[in-house]
Structures are given as structure tokens and as C-alpha cells.
A.B. asks: 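Please find one structure pasted underneath; my questions will follow.
Naming: A, B, ... by sequence-line order, numbering from 1 per chain.
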Number of protein chains: 2
Amino acid sequence: MASPIHQRLREDVLASVFAPDEPLTEAKLTERYGASRTPVREALQRLEQDGLVERRGKAVVVRTHSAEEIIDIYESRIILEQAAAAKAAVKATALDRQLLTGLLTQMQQLDPSDGRSLAETNRAFHAQLWRATHSPSLIGLLERLDQQVRRYTLTTLTYPGRWPVVLADYAELLAAIGDGDSARAGEVAARHMSDALDIRLKMYAEDPRTL
Amino acid sequence: MASPIHQRLREDVLASVFAPDEPLTEAKLTERYGASRTPVREALQRLEQDGLVERRGKAVVVRTHSAEEIIDIYESRIILEQAAAAKAAVKATALDRQLLTGLLTQMQQLDPSDGRSLAETNRAFHAQLWRATHSPSLIGLLERLDQQVRRYTLTTLTYPGRWPVVLADYAELLAAIGDGDSARAGEVAARHMSDALDIRLKMYAEDPRTL
DNA sequence: TGGCATGCCTATGTATACAATCGTGTACAG
DNA sequence: CTGTACACGATTGTATACATAGGCATGCCA
């Protein structure tokens, strides 16, 4: 499964191609993606279950989140990232650690102002950390949460002074994982995610439109 | 949304109406539920995303879980239930606490051999505990995990000596929540879920078919 | 006799016709 | 001027026809 138009529509939604209150009518998407209504409906349905769009009355619109909802999602994610890091410290293979180290090295060489690359590799790092848990259920839950706020996350890493801290956090996290120190890995991950939430809130306070 | 046939199909899957390797062909379901292929496909797709069925080659079959997968799901659930209990201790309203107490009272009066009633009220208790967190994301994640193992859970509560322990756990949990003691509530919930996992594993060792 | 190729048949993927519903705008009455 | 009722249009929900692909059986060849 995973039809191409499902992926394309998801990418477009995550890339904020559609306005938050723009109705995603089947006719429009049908034309946009050159498919008939059936696969379009299928894609919409999947995105609805993923929490990326929602039905408002009859129409389907991209789902937006209030500040409260974003905080809520972040709080859940803090819990899961902590658990994932702790589990990765126990379950990670040599290959997992090597891949993580490689990604960190890659991140250290990026241009800190290139928000797009930052976000991209950052996500890759997280995803690899999740995989290192070798826990399908944890991976699934984290992917789910991540998707729901991905539309908002592009800017977090470019917040003044943030990127070096992120790199330091990851280095410490990898050290803890290398030592098999589950508790410390969890703590670092939890703090890292807490900080991310704080920054998001600060950004929101400075400019509510960043949501 | 949430078409009636989606619900019916889900209930049937959860009730193990279909054999684990029985192909759920659209034609068969079409006839069974008296609808056309379109809504049947929609229902199958949703169940697939919920992790209740899976595509094996071309056919769709009810998803089964290995012992390892069930352990994995339980471990994730332990984490989330702990977090939920801890959060409920902080966020629960008087009404939440009252509802939970009422459910516990109800459970104390059940016939411990009536597995079906036990499972039903137990789920209601958990669901109410989740709601008491007032955290949509936590609730969503827990519901998701719960669904994936619901097909297997009917027997856990009737394991010899288990039910009184469950009731005691819940009483202690409500006490902690009443005190606003987040840490203790979390600990009780975590231990409770750990015990449930142990029992499941014990049952599996005694008779692998119980999976 | 065993393995592989080929063709048919069945089940799914896609498109479209048809039905039902919901929102909207307008007109009329108070 | 405002509120309500009715009708029309647009959009989604459902059914079905058509296209495609995948699996299985059969038969041929080694």
C-alpha cells in the first residue's frame, strides 16, 4: 500500500501548501494529483487518522493545534523520548551507535543558519535513535507524535543559541548510550526535549504566528 | 465519519471472529455486512492503520503478534500508564476521581469468575484514568496500544489470585491520585502493568496458544 | 519425476456514475 | 430589519463497472 498520492498529499500538508482553513475538497485534490476520487479519499482518510487533517463539518482541512495542544504533545513526547533513549542505551547495536555517531558528525559540519538541513538531519538523528531501541511500538508512537507537530518544527533549531546546545546534548546522549547508562541517556533526552518545548513556547510568546 | 461497518468489522476482529490466517477478502466482507466494496475497503484501511489487520502479500488478514511483540507493546504501555497515572494525580478533577471510585466500587462487587465483566469494567477503569489526565495525546497513544492487544487480554484478569491484587492496586492508585502524589501514582501504575506482563508471560509459558 | 513457464482466474486498484446530505443564499413574512 | 423556511448547488458517501496484477494450476520440457 502507501499509494504515491498519499505520500504526496502528506508532504504537501506538512509543507503547509494548504492554508489552515482551506477546504481540501476531493475535486481539487483529484485535479492536483491527477488521480480519481477513490485514491484521493483513501489518502485523506489516512491523513485524518494520522492527525494531519481533520473533518470540520463536511469539509476536510489541515489540522491546526492550539498552544495547549502542542504543549500536550510535547509533554507526551518528552516521556517517550526519555523512554526511547533509556531503551536505546540497553538495546543499541554497534551499528546503531555507529550510525548515530555518523549523523552527529554530519550535523556538526552543517551551516547553522540552513534551517532546512538542520531540521532534516535532526529528524534523521531522532529516527535513528528510535530505531536503536528495536522497539516497534515505541517507534510507531514516536513517529505518530512527531508527524503531528512536524509542520511547526522547522524553526526551533534556528532559535538563537540553540544549535550548539543541541549538538552538545546529542554528544552527551551518545556517550551515555555508549556506556549503556540507561538512566543518564533518559535524563539527557528528557531535558533536551523539555528545552525544545521551552523554546517553542518562547517563540510563541514572541510571535504567536509561528504556530 | 466512523462508518457503522468500520465499527462492526473492528468488533468482529477484536472478538476473533476471523481466523488469524483467514483472508479478509472484500467480497466476503461485502456480503457479510451488506455494503459495497467502497466502505468495506475504507474499513479495512482504517483497521490496517490501527494495527488490527495487516496486508500479507495481496490479502488482508487479522494481525497476530509474537510473544516478543506483545512484550514490546506491554513495555511501551507500562511507560505510558505510568506517565498517565502520574499526570492524573495532578490533573484529575473531582469528577474524575468520583468516576474512578465509582468504577472501583463496581468492580469490587463483580463475580471474579465472570471474565467478560471483569475485562469490560477493567477497560472502563483504565479509560477513565486516561481521561483524567486531560491529555489528548496520551489518551490517543494509550488507546492505540490497548487496541493492539485487546484481542488477547480477556484472560489475564482471571488468572488465579490476580483479581484481588488488581483491586488492591487500583485502590492504592486512587489513594495516590487523591493525595495528588504523582510519583506514587506512577509507581503503582507501573508495577501494576509490569505484573500484568509477567502474568501474560506466565500464561504463555503454560500454554502458548493463549496468545 | 521434478522444475519451470505460461495462461487463466480471482482479488484488488482505479475510475466514474448515481444518491444523499449539508451548507448557503434568497425570498418572504413578521 | 431580522428571522425563518425553502430550494438549489456543491461536495461527500455509495455502488458498480473497468483495469491490472498476482497467484495457482496445468502442462510441457529436461
A.B. asks: Donor-acceptor pairs under 3.5 angstrom involving side-chain atoms of residues 99-107 of chain A: please list them, not counting sequence neighbours.
C.D. replies:
| from | atom 1 | to | atom 2 | distance (Å) |
| --- | --- | --- | --- | --- |
| A:T101 | OG1 | A:R97 | O | 2.8 |
| A:T105 | OG1 | A:T101 | O | 2.9 |

A.B. asks: Using the ring-ring contact (aromatic ring centres under 6.0 Å, His included) criterion, which residues pair with A:F125? Sequence neighbours excluded.
C.D. replies: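 A:F125 satisfies ring-ring contact (aromatic ring centres under 6.0 Å, His included) with A:Y170 once adjacent residues are dropped.
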A.B. asks: Only counting residues at least two apart or in another chain, list the ones meeting side-chain contact (heavy atoms from CB on, under 4.5 Å) with B:R32.
C.D. replies: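 side-chain contact (heavy atoms from CB on, under 4.5 Å) list for B:R32, sorted by chain: B:D12, B:V17, B:F18.
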A.B. asks: My understanding is that only residues two or more places apart in sequence, or in another chain, count here; which of them pass side-chain contact (heavy atoms from CB on, under 4.5 Å) with A:E206?
C.D. replies: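 Checked A:E206 against side-chain contact (heavy atoms from CB on, under 4.5 Å); matches are A:Y159, A:K202.
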A.B. asks: Rounding to a whole Å, what distance do you find between B:L24:CG and C:dT12:C1'?
C.D. replies: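 Those two atoms, CG and C1', are 14 Å apart.
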A.B. asks: Just the table, please: protein N/O against nucleotides 20-25 of chain C N/O, every pair under 3.5 Å.
C.D. replies:
| from | atom 1 | to | atom 2 | distance (Å) |
| --- | --- | --- | --- | --- |
| C:dT21 | O2 | A:K58 | NZ | 2.7 |

A.B. asks: Identify, with sequence neighbours excluded, every residue that meets side-chain contact (heavy atoms from CB on, under 4.5 Å) alongside B:T30.
C.D. replies: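 Testing B:T30 for side-chain contact (heavy atoms from CB on, under 4.5 Å), a comparison that skips the adjacent residues, returns B:R37, B:V40.
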A.B. asks: Rounded off to whole Å, could you give me the CD-to-P distance for the A:E42 and D:dT12 pair?
C.D. replies: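 About 17 Å, once rounded to whole Å.
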A.B. asks: To the nearest Å, how far apart are A:Y33 OH and C:dT14 P?
C.D. replies: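 Computing the A:Y33:OH to C:dT14:P distance gives 16 Å.
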A.B. asks: Tabulated below should be each protein N or O lying under 3.5 Å from an N or O of nucleotides 15-17 of chain C; please produce it.
C.D. replies:
| from | atom 1 | to | atom 2 | distance (Å) |
| --- | --- | --- | --- | --- |
| C:dA15 | OP2 | A:S36 | N | 2.8 |
| C:dA15 | OP2 | A:S36 | OG | 2.7 |
| C:dA15 | O5' | A:S36 | OG | 3.4 |
| C:dA15 | N7 | A:T38 | OG1 | 2.8 |
| C:dT16 | O4 | A:T38 | OG1 | 3.4 |

A.B. asks: For A:R41 and C:dT14, give me the distance from atom CZ to atom P, rounded to whole Å.
C.D. replies: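 Roughly 15 Å, once rounded to whole Å.
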A.B. asks: Show every donor-acceptor pair shorter than 3.5 Å between a side-chain atom in residues 78-94 of chain B and any protein atom, with sequence neighbours excluded, or say none if there are none.
C.D. replies:
| from | atom 1 | to | atom 2 | distance (Å) |
| --- | --- | --- | --- | --- |
| B:E81 | OE1 | B:W130 | NE1 | 3.3 |
| B:E81 | OE2 | B:R77 | NE | 3.1 |
| B:E81 | OE2 | B:R77 | NH2 | 3.1 |
| B:E81 | OE2 | B:H126 | ND1 | 3.3 |
| B:E81 | OE2 | B:W130 | NE1 | 3.1 |
| B:K87 | NZ | A:E75 | OE1 | 2.7 |
| B:T93 | OG1 | B:L95 | N | 3.4 |
| B:T93 | OG1 | B:D96 | N | 3.1 |
| B:T93 | OG1 | B:D96 | OD2 | 3.1 |

A.B. asks: Applying side-chain contact (heavy atoms from CB on, under 4.5 Å), can you list everything that pairs with A:T38, at least two apart in sequence or on another chain?
C.D. replies: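 With sequence neighbours excluded, A:T38 shows a side-chain contact (heavy atoms from CB on, under 4.5 Å) to A:S36, given in chain and number order.
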A.B. asks: Tell me, with the steps shown, if B:L145 and B:S76 meet side chain to side chain contact (heavy atoms under 4.5 Å, CB included).
C.D. replies: CA-CA 8 Å; B:L145 282 188; B:S76 294; 3.8 Å; yes
